[in-house]
Amino acid sequence: LLDEQEDCLPDPHGGPETIVEEKELTAILNRFLGELDELSCCVFLARYYYAKPLKAVAEQYDIPEGRVKYLLTKARKELRDRLTEEGITV
């Protein structure tokens, strides 16, 4: 699970500016989630906030596991791109 997140979130162990960056990151993440379609947002949160296994997410939303993987890959890429646009190095 952490490996999946590694390529789209900055290193959490930073210097003194970390607190400011965390607040900025939280705001960007909240905006990003608000812009996702409902299913993508729910799948993203189920996997990365609630740490549900892929199979459980697929069952919860009655979609194939492959679709869950696709939605997560797409959302991670979009998040990585958004963070890059905002000047946050991932």
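Numbering starts at 1 and runs along the sequence shown.
Atom-to-atom distance recorded for Leu71:CG and Cys41:SG is 11.5 Å, nearest 0.5 angstrom. Between Phe44 atom CZ and Tyr50 atom OH the span is 13.0 Å, to the nearest 0.5 Å. Annotation: the span from Leu36 atom CG to Leu45 atom CG amounts to 8.5 Å, rounded to 0.5 Å. Leu79 CG to Ile88 CD1: the interatomic distance, rounded to the nearest 0.5 Å, is 9.0 Å. Of the inter-residue distances, the one linking Glu78 atom CD with Leu83 atom CG reads 12.0 Å to the nearest 0.5 angstrom.
No side-chain heavy atom of Val43 sits under 4.5 Å from any side-chain heavy atom of Ser40. No side-chain heavy atom of Glu85 sits less than 4.5 Å from a side-chain heavy atom of Arg80.
Between Thr84 and Asp81, the side chains place no donor N or O within less than 3.5 Å of an acceptor N or O (distance only, hydrogens not considered).
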> Would Glu24 and Ile28 satisfy side chain to side chain contact (heavy atoms under 4.5 Å, CB included), going step by step from the backbone distance to the final call?
Replying inline: CA-CA 6 Å; Glu24 183 180 338; Ile28 292 167; 4.0 Å; yes

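When all heavy atoms of Ala58 and Pro64 are compared, the closest pair comes out as CB-C, 4.1 Å.
With sequence neighbours left out, the side chain to side chain donor-acceptor pair (under 3.5 Å) criterion links Asn30 to no other residue. Scored by the side chain to side chain donor-acceptor pair (under 3.5 Å) test, Arg82 finds Glu35 as partners (sequence neighbours excluded).
Listed by first and then second residue, the side chain to side chain donor-acceptor pair (under 3.5 Å) pairs involving residues 59-69 are Lys52-Gln60 (not counting sequence neighbours).
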